[in-house]
Enquirer: 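This structure is in structure tokens; I'll ask about it shortly.
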Amino acid sequence: MTVRVRFAPSPTGKVHIGNLRAAIFNWLFARHEGGAFLLRVEDTDRARSTEEAIRVLLEALRWVGLDWDEEPVYQSKRLGEHLAAAKRLEKGGRAFLQPPRVSFWALLEAGGLEGVPGEAAAFLERLRREEESLRSAHREAFEEANARRPKKKQRAYMEPLLFHIPPGDSGKAALHFRLPHPWEESAFLRDSGEVRTLGVDPRWPVLVSARGMEFIPAARVKEGTPLERAVFELEQRSLCGFLGLEILGEGERVLFDLEKEKEGIEAGRVLAVPGARALRFRRRIAAYHDLVKGDLGKPAEGLKNRVLVRSDGTPVFHLANVVDDHDMEITHIVRGDDHVENTYWHVLLFEALGWKPPLYGHLPMIVNDQGRPLSKRDGDVYVGEYKKKGILPEALFNYLALLGWSPGDDREKVDREEMVRLFTLERVISTPARFDMKKLLWLNSLYLREKPASELAELVLPFLEEAGIRLGAGDRPLLEGALELERERIQTLEEFPAAAGFFFSDGVEIRREEKKVRKVLEAPETPGVLEDLRKILSELQDFSAANLEAVLRKYAEEKGLGMGKVSQPLRVAVTGGVVSPPIGETLALLGKEKTLERVEKLLEELGR
RNA sequence: GGCCCCGUGGUGCAGCCAGGUUAGCACAUCGGCCUUUCAAGCCGGUAACACGGGUUCGAAUCCCGUCGGGGCUGCCA
């Protein structure tokens with residue numbers, strides 16, 4: 001089997017660094033396996049997915065050197081396939097239409113109020129009238145509880161499900177995916193053998209239908225709370241985790257046995273079981289093997305049926321994803337950790353469509369200092385910002401690849417080919433990683449040192465322009481020379497103009513505001529030294545770095561001065577500051593004419 | 001709240017599955033050397049197995065519990 005992986009971003013005009021890392025891991029995996037790396041543009045949000053946004057996306061991938069193997073697939077063009085798959089599920093009984101104004105009342109009505117004792121029916125009526133007051137009671141209770149929580153654990157208020165009226169055009173129905181019934185086989189659901197009981201509120205009937213079940217867990221409703229004041233949420237669960245389900249009443253009396261009602265349920269009956277105290281069932285576990293995290297599983301009684309097609313007729317992300325992954329013959333899905341929980345139902349969806357799901361691996365998230373997922377508030381989260389900062393794509397690639405993966409030894413700088421050779425998902429770890437800009441900068445300086453000056457020159461041009469430095473037609477050798485000298489002194493291309501601008505300017509502004517500069521200028525021997533050097537340098541024929549170095553050293557020795565007393569005044573004259581590459585190299589590159597001009601000018605300023 | 005995932009210095013990784021060094025490497029930080037400045041380079045220092053039990057001659061490693069962080073819990077993607 002040939003490995004086929006994909007990177008499936010939605011184009012928003014910016015590429016998040018976490019997405020880029022996912023792309024890198026996919027690419028490395030594909031290249032290591034000799035497989036294909038594909039692109040799928042999830043452009044179903046037409047408002048944001050402009051052509052410009054798509055261009056930015058592709059450009060970012062090219063920038064870090066990720067190439068893809070086939071024409072990108074545009075999700076927006078595949079609406080027909082998505083809907084066809086949904087239709088197929090509906091026909092096969094694995095999806096059902098449900099009108100949008102779903103509420104407990106509606107469901108009760110659909111099934112009739114038969115089985116609900118008169119007392120409960122009257123109570124429903126009362127509740128219906130008091131809906132508003134209940135709603136605010138719920139809200140109040142929530143706000144109160146929320147205020148007591150530590151800030152980090154606070155949640156946004158959500159309407160209680162009991163009164164939840166999902167948005168959507170009234171009159172239209174959303175298509176729901178139905179998880180397997182307990183009597184249906186599934187490769188991703190297994191009998192755990194463990195018997196569980198789950199308390200339910202006896203004041204409320206449990207509803208069982210082919211769509212799943214609805215109940216209020218007793219744990220949510222405190223003992224003795226008047227029902228009309230109770231803060232509870234209706235659970236809408238699929239049946240899939242409830243093997244051998246029995247609904248128990250007072251004294252463990254069996255009120256309902258799912259096995260016996262199978263046929264009625266399949267025929268579409270909605271059963272209301274009043275007076276229930278507990279659900280007893282054998283637990284089924286939803287499970288899949290994650291290539292990064294190992295065997296993963298969760299109790300399937302927590303699984304819910306999910307919306308596949310919205311009431312406006314558009315497929316949800318998950319459906320589109322699964323259908324596209326199948327049609328693109330994707331074999332491995334490598335994506336962010338935030339999709340782990342979705343995977344349980346994605347594999348079930350594949351299965352329901354009669355397809356074999358791909359293998360999944362989930363990458364740990366990149367987090368900020370607070371351990372939260374990197375967001376735009378943290379700054380520098382988009383690929384473009386790194387480019388703008390003068391980070392080399394090789395460095396970013398290297399850094400990102402090592403965030404959550406390692407070649408297994410202590411190497412930090414690993415080139416692309418080596419990574420391709422060594423990459424395995426097995427070596428991806430599952431702990432979230434913090435983004436460390438300082439380490440990126442360090443890696444960047446390493447790559448800066450080894451890139452040919454001619455390439456660097458090309459890359460640094462925009463930064464020079466940004467700094468207002470214009471190069472003459474014949475300045476290319478000068479630029480490359482300056483890069484050779486400065487490359488190991490800077491960490492990013494962005495720093496180059498400030499460090500080497502003096503090579504390209506006509507004159508130079510002495511930075512007297514700097515203490516160290518003043519100290520050099522005010523040194524008593526400075527004027528004399530500069531006068532001597534003016535003479536010596538003007539008579540010098542061989543203006544090479546080596547010779548300059550030798551001449552200056554000889555002069556310092558003769559005068560009994562430290563080399564610093566000679567080089568620093570020159571440096572100030574020529575660069576305006578006290579920092580530059582070795583003085584010989586600097587003067588040689590700058591050239592005799594400019595050097596003398598600048599020394600002359602400084603002497604004038606010093607009144608000589 | 002429920003379920004799932006994760007916990008090695010300030011940070012990233014190695015070590016964990018197959019228990020046995022002084023817990024290794026790198027970034028950052030501090031100090032020193034080199035030195036004409038700035039870098040680079042070299043040498044050295046500070047600093048970690050979240051906590052508590054258990055198993056064992058021996059636990060970062062296996063088991064249980066606790067705590068902490070994150071994810072999911074939408075007709076968002």
Side-chain angles (χ1 to χ4, degrees), chain A residues 8-10 12 42 44-45 98 100 102 145 149 152-153 155 158 164 166-169 172-176 217 219-220 233 235 290 293-294 296-299 301-304 306-318 320-321 336-342 344 362 364-365 367 369-373 399 402-413 427 429-443 445 449 485-491 499 516 520 549 552-553 556 561-568 570-572 575 577-584 586:
Chain A
S10 58
T12 59
E42 308 217 320
T44 46
D45 182 349
Q98 183 167 296
V102 181
R149 285 196 187 94
K152 284 183 179 178
K153 294 222 161 187
R155 299 194 308 264
M158 279 168 77
H164 183 62
D169 305 331
K172 287 193 190 163
L175 189 69
H176 290 241
R220 297 259 172 101
E233 290 170 19
E235 295 276 359
D290 194 288
K293 300 160 100 75
L296 256 31
K298 70 181 290 182
E301 76 264 15
L303 262 30
K304 288 191 209 176
R306 306 283 298 251
V307 170
L308 278 181
V309 180
R310 301 183 191 96
S311 49
D312 67 1
T314 58
V316 299
F317 156 79
H318 304 282
N321 228 255
D337 223 343
D338 46 342
H339 281 302
V340 170
E341 300 284 321
N342 291 328
Y344 296 109
H362 290 92
M365 314 218 97
V367 298
D369 298 336
Q370 278 82 253
R372 310 282 183 74
Y399 179 73
L402 257 47
L403 222 47
W405 174 81
S406 79
D409 53 34
D410 288 332
R411 275 178 295 176
E412 302 288 344
K413 183 169 175 294
R427 289 216 60 87
I429 62 169
S430 49
T431 58
R434 252 157 255 254
F435 196 92
D436 184 3
M437 189 52 124
K438 285 193 171 145
K439 189 151 183 174
L440 207 211
L441 289 175
W442 169 73
L443 265 174
S445 67
R449 269 178 247 166
L485 292 182
E486 295 289 356
R487 66 194 313 161
E488 68 175 39
R489 273 161 253 274
I490 56 175
Q491 285 194 302
K516 285 181 176 170
V520 170
E549 206 76 53
L552 293 176
R553 205 167 280 283
L561 292 169
M563 187 64 173
K565 295 288 186 198
V566 177
S567 67
Q568 287 308 77
L570 262 180
R571 224 185 294 269
V572 169
T575 75
V578 289
V579 174
S580 90
I583 195 68
T586 305

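Quick note on labels: first sequence line is chain A, next is B, and so on, each numbered from 1.
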Enquirer: Measure the CZ-OG distance between A:Arg427 and A:Ser406 for me, rounded to the nearest 0.5 Å.
Expert: 4.0 Å
Enquirer: Between B:rA59 and B:rC64, how far apart are the two C1' atoms, rounded to whole Å?
Expert: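 Straight-line distance between the two C1' atoms is 14 Å.
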Enquirer: Rounded to the nearest Å, what distance is computed from the CZ atom of residue A:Phe435 to the C1' atom of nucleotide B:rC13?
Expert: 16 Å
Enquirer: Report the nucleotide, chosen from B:rC3, B:rC13, B:rU36, that has the shortest atom-to-atom distance to any side-chain atom of A:Thr431.
Expert: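 The answer is B:rC13.
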Enquirer: As a test of your reading of the structure, name each stem of RNA chain B as range with range, where a stem is three or more consecutive Watson-Crick or G-U pairs at under 3.5 Å.
Expert: B:1-7 with B:67-73, B:10-13 with B:24-27, B:29-33 with B:41-45, B:50-54 with B:62-66
Enquirer: Across the strands shown, which category fits A:Ser406 at heavy-atom distances under 4.0 angstrom: base, sugar-phosphate, nothing?
Expert: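 Since only primed, P, OP1 and OP2 atoms lie under 4.0 Å of A:Ser406, the category is sugar-phosphate.
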Enquirer: For nucleotides 25-32 of chain B, give me one character per nucleotide, 5' to 3': B if any protein heavy atom sits under 4.0 Å from the base, S if the only such contacts are to the sugar-phosphate, - if neither.
Expert: BBBS----
Enquirer: Quote, to the nearest angstrom, the C1' distance that separates B:rA47 from B:rA26.
Expert: 15 Å
Enquirer: When all nucleic acid strands are considered with a 4.0 Å heavy-atom cut-off, which category describes A:Val578: base, sugar-phosphate, or nothing?
Expert: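 A:Val578: base contact, heavy atoms under 4.0 Å.
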Enquirer: Taking it one step at a time, do A:His318 and A:Leu308 satisfy side-chain contact (heavy atoms from CB on, under 4.5 Å)?
Expert: CA-CA 8 Å; A:His318 304 282; A:Leu308 278 181; over 6 Å; no
Enquirer: Does the side chain of A:Leu552 come within less than 4.5 Å of A:Leu570's, by heavy atoms?
Expert: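 Yes, their side chains come closer than 4.5 Å.
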Enquirer: Have a look at A:His318 and say if it touches a base, only the backbone sugar-phosphate, or nothing, with a 4.0 Å heavy-atom cut-off.
Expert: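 Since a base atom lies under 4.0 Å of A:His318, the category is base.
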Enquirer: Taking the same atom, P, in B:rC49 and in B:rA23, what whole-Å distance lies between them?
Expert: 11 Å
Enquirer: Any side-chain N or O of A:Ser430 under 4.0 Å from OP1/OP2 of B:rC6?
Expert: yes
Enquirer: Would you indicate, yes or no, if B:rU37 has its OP1 or OP2 atom less than 4.0 angstrom from a side-chain nitrogen or oxygen of A:Arg489?
Expert: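 Looking at the OP1 and OP2 atoms of B:rU37, neither is under 4.0 Å from any side-chain N or O of A:Arg489.
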Enquirer: Can you check the distance between B:rG20 and B:rU61, where both ends of the measurement are the C1' atom (answer in whole Å)?
Expert: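 Result for the C1' pair: 11 Å, nearest Å.
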Enquirer: Within a radius of less than 6.0 Å around NZ of A:Lys413, do more than 12 heavy atoms belonging to other residues, nucleotides or ligands occur?
Expert: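 Check passes, neighbour count above 12.
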Enquirer: Can you measure A:Arg306 atom CZ to B:rG74 atom C1' for me and round it to whole angstrom units?
Expert: 8 Å
Enquirer: For the C1' atoms, the ones on B:rC16 and on B:rG7, what distance do you get once it is rounded to whole angstrom?
Expert: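 Looking at atom C1' only, B:rC16 and B:rG7 are 13 Å apart.
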Enquirer: Taking for each residue the nucleotide of RNA chain B with the nearest heavy atom, is it A:Pro299 or A:Ser580 whose nucleotide lies nearer the 5' end?
Expert: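 Per heavy-atom nearest nucleotide, the more 5' residue is A:Pro299.
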Enquirer: What is the distance, to the nearest angstrom, from the CE atom on A:Met437 to the C1' atom on B:rU11?
Expert: 14 Å
Enquirer: Under 4.0 Å between any heavy atoms, over every strand shown, what does A:Gly562 touch: base, sugar-phosphate, or nothing? Just pick one.
Expert: nothing
Enquirer: Could you check which of B:rC3, B:rA14, B:rC5 has an atom nearest any side-chain atom of A:Glu341?
Expert: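 Of the options given, the side chain of A:Glu341 lies nearest B:rC3.
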Enquirer: Heavy atoms only, 4.0 Å cut-off, all strands: where does A:Ile490 land among base, sugar-phosphate and nothing?
Expert: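 No contact at all - A:Ile490 keeps every heavy atom at 4.0 Å or more from the nucleic acid.
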Enquirer: Please classify the nucleic acid contact of A:Glu486 as base, sugar-phosphate, or nothing, using heavy-atom distances under 4.0 Å.
Expert: nothing
Enquirer: So, does A:Arg427 get its side chain near the phosphate of B:rG15, meaning an N or O under 4.0 Å from OP1 or OP2?
Expert: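 Indeed, a polar side-chain atom of A:Arg427 lies that close.
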Enquirer: Compare side-chain N and O positions of A:Arg571 against OP1 and OP2 of B:rC38 and report whether any pair is under 4.0 Å apart.
Expert: no
Enquirer: The side chain of A:Arg449 lies closest to which of these nucleotides: B:rU37, B:rA40, B:rC3?
Expert: B:rA40
Enquirer: What's the gap between B:rG54 and B:rG58 when it is taken at their C1' atoms, as a whole Å value?
Expert: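 About 15 Å, rounded to a whole number of Å.
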Enquirer: Is there a side-chain contact between A:Val307 and A:His176, using heavy atoms and a 4.5 Å cut-off?
Expert: yes
Enquirer: Would you indicate what A:Gly297 reaches in the nucleic acid, counting non-hydrogen atoms under 4.0 angstrom: base, sugar-phosphate, or nothing?
Expert: sugar-phosphate
Enquirer: Within this structure, what is the CD-to-P distance between A:Glu488 and B:rU37, rounded to whole angstrom?
Expert: 15 Å
Enquirer: RNA chain B: A:Pro581 or A:Tyr399, which has the more 5' nearest nucleotide?
Expert: A:Tyr399
Enquirer: Can you check side-chain contact (heavy atoms from CB on, under 4.5 Å) on A:Asp337 and A:Lys293, steps first, answer last?
Expert: CA-CA 10 Å; A:Asp337 223 343; A:Lys293 300 160 100 75; 3.0 Å; yes
Enquirer: Return the minimal non-hydrogen interatomic distance between A:Gly562 and A:Ala556, and the atom names on each side.
Expert: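 It is O-CB, 4.3 Å.
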Enquirer: Nearest whole Å is fine: how far is B:rG71 C1' from A:Met365 CE?
Expert: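 Taking atom C1' of B:rG71 as the reference, CE of A:Met365 is at 7 Å.
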Enquirer: Between A:Leu403 and A:Lys439, does a side-chain contact (heavy atoms from CB on, under 4.5 Å) hold up when you go through it step by step?
Expert: CA-CA 11 Å; A:Leu403 222 47; A:Lys439 189 151 183 174; over 6 Å; no
Enquirer: Distance criterion of 3.5 Å, no angle test: do you see the side chain of A:Ser311 paired donor-to-acceptor with the base of B:rC75?
Expert: yes
Enquirer: Any side-chain N or O of A:Lys304 below 4.0 angstrom from OP1/OP2 of B:rC72?
Expert: no
Enquirer: Under 4.0 Å, counting only non-hydrogen atoms across every strand here, what does A:Pro364 touch: a base, just sugar-phosphate, or nothing?
Expert: nothing
Enquirer: Would you name the heavy atoms of A:Glu412 and A:Leu402 that are closest together and state the gap between them?
Expert: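 Heavy-atom minimum between the residues: O-CD2, 3.0 Å.
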Enquirer: Taking atom C1' in both B:rG68 and B:rC62, compute the distance separating them and give it to the nearest angstrom.
Expert: 23 Å
Enquirer: Just call it for A:Leu403: base, sugar-phosphate, or nothing, with non-hydrogen atoms closer than 4.0 Å on any strand.
Expert: sugar-phosphate
Enquirer: Base, sugar-phosphate alone, or nothing: which one does A:Asn342 contact when heavy atoms must sit under 4.0 Å apart?
Expert: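 Base, at least one base heavy atom under 4.0 Å.
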Enquirer: Under the criterion side-chain contact (heavy atoms from CB on, under 4.5 Å), I'd like the reasoning laid out for A:Lys516 against A:Gln568: C-alpha separation, chi angles, the key distance, then a yes or no.
Expert: CA-CA 10 Å; A:Lys516 285 181 176 170; A:Gln568 287 308 77; over 6 Å; no
Enquirer: Any side-chain heavy atom of A:Pro581 sitting closer than 4.5 Å to one from A:Thr586?
Expert: yes
Enquirer: Calculate the interatomic distance between A:Glu235 atom CD and B:rC3 atom C1'; express it in whole Å.
Expert: 11 Å
Enquirer: Distance between the P atoms of B:rC63 and B:rU55, in whole angstroms?
Expert: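 Comparing P positions in B:rC63 and B:rU55 gives a spacing of 16 Å.
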Enquirer: Rounding to a whole Å, what distance do you find between A:Leu308:CG and B:rC76:C1'?
Expert: 16 Å
Enquirer: Provide, to the nearest angstrom, the distance between the CZ atom belonging to A:Arg310 and the P atom belonging to B:rC75.
Expert: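 Atom CZ in A:Arg310 sits about 9 Å away from atom P in B:rC75.
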Enquirer: Please verify the inter-ring angle class for A:Phe435 with A:Tyr399; under 30° counts as parallel, over 60° as perpendicular, anything in between as tilted.
Expert: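 Geometry flag for A:Tyr399 against A:Phe435: perpendicular rings.
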Enquirer: Between the main-chain N or O of A:Arg310 and the side-chain N or O of A:Thr314, is there a donor-acceptor pair closer than 3.5 Å?
Expert: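 Checking the backbone N and O of A:Arg310 against the side chain of A:Thr314, no donor-acceptor pair under 3.5 Å is found.
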